Amino acid sequence: MTIKGTEDIKKWVRRTVDSETLAGIDEVVVFPRAKKITVRKNMSENTLKGLESKVSSCRGCGLAETRTNVVFGEGSPRAALMFVGEAPGAEEDKQGRPFVGRAGGLLTKIIESIGLTREDVFIGNILKCRPPGNRNPMPNEIEVCSPYLIDQIRIIKPKVICALGKFAAQRLLNTETPISQLRGKFYDYQGVKLMPTYHPAYLLRNSAGKKDVWEDMKKVAKELGLVIPPRKRTS
Ligand code: SF4
């Protein structure tokens with residue numbers, strides 16, 4: 001739509017502000033010299049879809065140069081339980097989805113073991129783009145990307161966050177304590193209960209850890225008031 005002339009522009013602004021204020025617009029920015037009017041919605045700050053749209057074009061750190069897809073995370077925007085891992089791997093980068101492949105399959109079984117589905121929870125990572133060669137995330141990448149996770153938590157408002165693996169647990173809790181000592185207990189993360197447990201990829205290499213994860217998930221289920229279905233166990 002092209003609007004020409006000062007009077008038409010004034011009318012358009014008046015009409016737009018009147019009709020859109022109730023629809024979530026809280027700010028109108030006008031650049032008269034550039035003859036350009038920008039209406040800024042607060043969608044990106046208040047909805048998961050809006051935030052996803054913002055993150056999908058993020059070039060905030062060097063990982064934007066090497067990623068195939070941004071992996072924003074997926075699941076229910078009203079999830080009571082949120083899983084947070086470290087960063088996307090090769091398959092996640094390829095598909096643009098979190099926790100796919102063998103480790104993802106095991107996470108799905110872990111979720112189902114407490115009577116939920118992937119659609120009931122939200123699954124994400126601290127970093128939204130894959131570090132090349134699956135190297136550890138760099139401090140500057142964590143610093144730039146972490147606000148997106150904080151926004152996800154603010155929007156979803158989960159009752160429990162489950163930190164998957166050493167990296168996620170240590171970064172979220174700001175500690176260097178080994179995951180073997182962190183796991184199995186609830187901590188406070190920005191007012192939300194956080195349970196660290198082993199990463200599914202670790203369980204694929206060390207099946208003895210599955211018993212510990214099962215104990216951790218039982219505590220999570222109890223905290224959420226879930227009734228654990230019979231004979232559902234991870235394999
Ligand atoms: S890792 Fe995070 S900060 Fe870096 S480009 Fe991806 S979304 Fe942006």
Side-chain angles (χ1 to χ4, degrees), residues 63 67 71-75 79 81-114 116-118 120-139 141-142 145-146 148-149 152-153 156 158 160-187 189 192-221 223-224 232-235:
L63 297 181
R67 74 184 177 215
V71 182
F72 178 73
E74 65 184 26
L81 176 57
M82 191 167 169
F83 289 89
V84 178
E86 175 181 334
E91 197 53 37
E92 287 78 14
D93 177 58
K94 199 166 133 191
Q95 295 190 30
R97 295 183 56 211
F99 283 88
V100 288
R102 284 183 71 218
L106 184 49
L107 177 61
T108 303
K109 287 183 180 176
I110 291 169
I111 293 166
E112 289 171 353
S113 74
I114 55 169
L116 297 175
T117 65
R118 281 178 72 110
D120 292 327
V121 304
F122 191 89
I123 305 169
N125 286 298
I126 291 181
L127 287 192
K128 313 304 185 204
C129 302
R130 181 195 181 208
N134 291 353
R135 65 157 168 75
N136 285 338
M138 310 283 275
E141 294 161 356
I142 297 166
C145 208
S146 290
Y148 293 143
L149 176 65
Q152 287 176 318
I153 294 168
I156 296 169
V160 174
I161 296 170
C162 187
L164 295 169
K166 166 189 158 177
F167 182 88
Q170 290 183 340
R171 292 293 68 77
L172 293 175
L173 296 174
N174 195 24
T175 177
E176 294 304 317
T177 306
I179 183 69
S180 57
Q181 290 176 33
L182 288 174
R183 61 147 289 273
K185 297 181 279 273
F186 280 112
Y187 301 81
Y189 179 76
V192 182
K193 290 203 168 186
L194 185 145
M195 169 66 77
T197 196
Y198 293 127
H199 195 285
Y202 169 83
L203 298 180
L204 291 175
R205 302 188 302 271
N206 302 276
S207 59
K210 288 180 181 174
K211 185 175 168 294
D212 290 332
V213 171
W214 174 237
E215 293 304 316
D216 300 345
M217 294 313 296
K218 282 197 285 187
K219 289 176 187 169
V220 167
E223 185 65 33
L224 294 172
K232 283 269 185 181
R233 297 289 188 274
T234 61
S235 61

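Since this is a predicted model, take the numbers as computed values, not measurements. Scope of the values below: all heavy atoms of this structure, side chains included, with no hydrogens, waters or symmetry mates.
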Task: Pair Lys210 + Glu215: basic N to acidic O under 4.0 Å - done: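 No, Lys210 and Glu215 are not salt-bridged.
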
- [ ] Could you tell me whether Arg97 and Glu91 have a side-chain N and a carboxylate O separated by less than 4.0 Å?
- [x]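 The answer is no: the pair does not qualify as a salt bridge.
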
Task: Residues that Val121 engages under side-chain contact (heavy atoms from CB on, under 4.5 Å), provided they are two or more places apart - done: Leu81, Phe83, Ile111, Leu116, Ile123

- [ ] Could you list the residues that satisfy side-chain contact (heavy atoms from CB on, under 4.5 Å) with Lys219, not counting sequence neighbours?
- [x]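 Scan of Lys219 (side-chain contact (heavy atoms from CB on, under 4.5 Å), adjacent residues dropped) gives Phe186, Met195.
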
Calculate, to the nearest 0.5 Å, the distance between atoms [atom1] and [atom2] belonging to [X] and [Y] respectively.
| X | Y | atom1 | atom2 | result |
| --- | --- | --- | --- | --- |
| Ile153 | Phe122 | CD1 | CZ | 10.0 Å |
| Thr175 | Leu172 | OG1 | CG | 11.5 Å |
| Lys185 | Thr197 | NZ | OG1 | 12.0 Å |
| Cys162 | Arg183 | SG | CZ | 11.0 Å |

Atom of [X], atom of [Y] and distance for their closest heavy-atom approach:
| X | Y | value |
| --- | --- | --- |
| Pro131 | Leu63 | CA-CD2, 3.7 Å |
| Pro137 | Leu127 | CB-CD1, 3.3 Å |
| Ala201 | Ala103 | N-CB, 3.9 Å |

Side-chain touch [X]/[Y], heavy atoms, less than 4.5 angstrom:
| X | Y | value |
| --- | --- | --- |
| Val84 | Leu164 | no |
| Cys145 | Ile126 | no |
| Val160 | Leu194 | no |
| Met217 | Ile110 | yes |
| Asn136 | Glu86 | yes |
| Cys129 | Val71 | no |

For the pair [X] (side chain) and [Y] (backbone), establish whether a donor and an acceptor sit closer than 3.5 Å, ignoring hydrogens and angles.
| X | Y | answer |
| --- | --- | --- |
| Lys128 | Asn125 | yes |
| Asn134 | Gly89 | no |
| Tyr187 | Leu182 | yes |
| Glu92 | Gly104 | no |

Task: Residue pair Glu112, Lys109: steps toward the salt bridge (charged side-chain N to carboxylate O under 4.0 Å, His left out) verdict - done: CA-CA 5 Å; Glu112 289 171 353; Lys109 287 183 180 176; over 6 Å; no

Task: Contacts of Tyr198 that satisfy ring pair (Phe, Tyr, Trp, His ring centres under 6.0 Å) - sequence neighbours left out - done: Tyr202

- [ ] Tell me, with the steps shown, if Glu74 and Phe99 meet side-chain contact (heavy atoms from CB on, under 4.5 Å).
- [x] CA-CA 10 Å; Glu74 65 184 26; Phe99 283 88; over 6 Å; no

Open item on the list: Once salt bridge (Lys or Arg N to Asp or Glu O under 4.0 Å) is applied, do any residues pair with Asp120, and if so which ones, sequence neighbours excluded?
Closed with: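 Once residues adjacent in sequence are excluded, Asp120 has no partner under the salt bridge (Lys or Arg N to Asp or Glu O under 4.0 Å) criterion.
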
Task: Those residues that, when tested against Asp93, pass salt bridge (Lys or Arg N to Asp or Glu O under 4.0 Å) (two or more places apart) - done: none

Task: Inter- and intrachain pairs under side-chain hydrogen bond (donor to acceptor under 3.5 Å, both in side chains), touching residues 163-172, at least two apart - done: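 side-chain hydrogen bond (donor to acceptor under 3.5 Å, both in side chains) check on residues 163-172 returns Arg171-Glu176.
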
Open item on the list: If you apply the rule side-chain contact (heavy atoms from CB on, under 4.5 Å), what do you find for Lys193 with Ile161, and how did you get there?
Closed with: CA-CA 6 Å; Lys193 290 203 168 186; Ile161 296 170; over 6 Å; no

Task: Thr108 vs Arg118, side-chain hydrogen bond (donor to acceptor under 3.5 Å, both in side chains): CA-CA, chis, key distance, verdict - done: CA-CA 6 Å; Thr108 303; Arg118 281 178 72 110; 3.2 Å; yes

